[in-house]
Amino acid sequence: MIVLETIAVAFSMFSAVPMPQFAWSARNMRYSLCAFPLIGAVIALALWGWDLLCAMLGFPAILRGAGLCLLPVLITGGIHLDGYADVCDALAAHSGTDKRQEILKDPHIGAFAVIHLCVYFLADFALWTSLSPRRLPVLLGMFCMSRALSGLALTLFPLRPGSGLARSFAEAADRKRVRISLLVLSILLALLMIWERAGETVLAAALVFLYYRRICEKDFGGLSGDLAGWFLQTAELWMLAALAVRQYGEAAL
């Protein structure tokens, strides 16, 4: 029962998938970060199913790409995009840590956030449209790895004071066991991606993760929920870009 509660808490917080409602407690939040990558598996299966449907029904590439672009947003409810937009606004301010924290707390969306969201969706749509149909292991690796690394960061990086739900999940977690579990999962996913000849996505995720740590510590004074959302969206976009580079690089050789 506690396993199901733990999974339900993770899905209730990080997705729009309907779940039984449980009161959050120290007991069912202890390993909820370990269930976070399962949402990535759901997204991967949905994308794989849409890809198969498009192939069976002969949908045009533009419709296929639109579905692949939008399904992750529909499944997550856009929770990570919200953080992505806020962080883009804050980074564009080119000001001190205190000012950036004020921007993160502001409920209004700024011009730079709108610009970055437009650029993000255009790039994401273009990449999905141009990429050939991907194998399920590659999709599983991408969307599970971004969430495994995001959860891992919550157990490794310093937390910004007043970081809300991110702090709640981090402090409720059995940090040592969760850290080891997510680290092992990240390594296994990396090996899977390398086995599937998609090792460039692992490199892209690792580079974004390192940059993520830098901006958390240097620009924001610690990790927050908004920064976690920024990392997840950025890592997934750059992993897609790495796949595109691999695909067209091989075609050019």
Side-chain angles (χ1 to χ4, degrees), residues 9-10 12-15 24 26 29-40 76-107 109-110 112-113 116 120 143-187 189 204-239:
V9 167
S12 297
M13 178 60 201
F14 299 114
S15 82
W24 291 6
M29 291 179 70
R30 191 177 185 187
Y31 298 109
S32 57
L33 289 175
C34 293
F36 190 20
L38 292 177
I39 301 170
T76 62
I79 183 173
H80 308 300
L81 278 169
D82 175 63
Y84 176 83
D86 288 342
V87 172
C88 287
D89 245 352
L91 287 173
H94 297 293
S95 54
T97 300
D98 292 341
K99 178 62 177 177
R100 290 194 176 100
Q101 290 182 5
E102 288 180 20
I103 294 172
L104 291 183
K105 294 176 184 176
D106 190 341
I109 188 168
F112 287 105
H116 278 85
Y120 184 95
F143 288 95
C144 293
M145 179 177 286
S146 63
R147 284 159 177 78
L149 291 174
S150 182
L152 181 63
L154 282 170
T155 69
L156 287 174
F157 297 0
L159 296 170
R160 180 173 61 81
S163 48
L165 285 172
R167 178 175 287 275
S168 299
F169 273 83
E171 291 182 344
D174 183 332
R175 293 172 70 90
K176 183 177 180 180
R177 291 185 179 180
V178 169
R179 182 187 303 130
I180 293 172
S181 298
L182 292 176
L183 179 59
V184 170
L185 177 60
S186 298
I187 293 171
L189 289 168
L207 291 175
V208 174
F209 188 78
L210 291 175
Y211 181 66
Y212 175 38
R213 173 150 198 164
R214 177 183 176 277
I215 66 169
C216 281
E217 296 179 351
K218 182 179 178 182
D219 297 327
F220 291 93
L223 186 152
S224 67
D226 286 329
L227 281 158
W230 174 91
F231 164 74
L232 191 142
Q233 297 291 160
T234 304
E236 289 176 356
L237 185 65
W238 280 99
M239 282 192 279

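Closest heavy-atom contact between Cys216 and Phe157: SG-CD2, 4.1 Å.
With rounding to the nearest 0.5 Å, the separation of CZ in Phe36 from OG in Ser15 is 9.5 Å. The NZ atom of Lys218 sits 9.0 Å away from atom OH of Tyr211, with the distance rounded to the nearest 0.5 Å. Distance CG/Leu189 to SG/Cys144: 6.0 Å, rounded to 0.5 Å. In this structure, CD on Gln233 lies 10.5 Å from CD1 on Ile79, to the nearest 0.5 angstrom. Atom CG in Leu223 sits 11.0 Å away from atom CH2 in Trp230 (nearest 0.5 Å).
Aromatic ring orientation, Phe14 versus His80: parallel (interplanar angle below 30°, classes split at 30° and 60°).
At a threshold of 4.5 Å between non-hydrogen side-chain atoms, the residues Val87 and Phe220 count as touching. Contact check for Leu33 versus Ser181: no side-chain heavy atoms found under the 4.5 Å cut-off.
Remark: side-chain polar atoms of Asp89 are paired, donor with acceptor, to backbone N or O of Gly110 under 3.5 angstrom. Of the possible donor and acceptor atoms, none in the side chain of Tyr84 sits under 3.5 Å from a partner among the backbone N and O of Tyr120.
When the shell of 6.0 Å around CZ of Phe112 is examined, it contains 12 or fewer heavy atoms from other residues, nucleotides or ligands.
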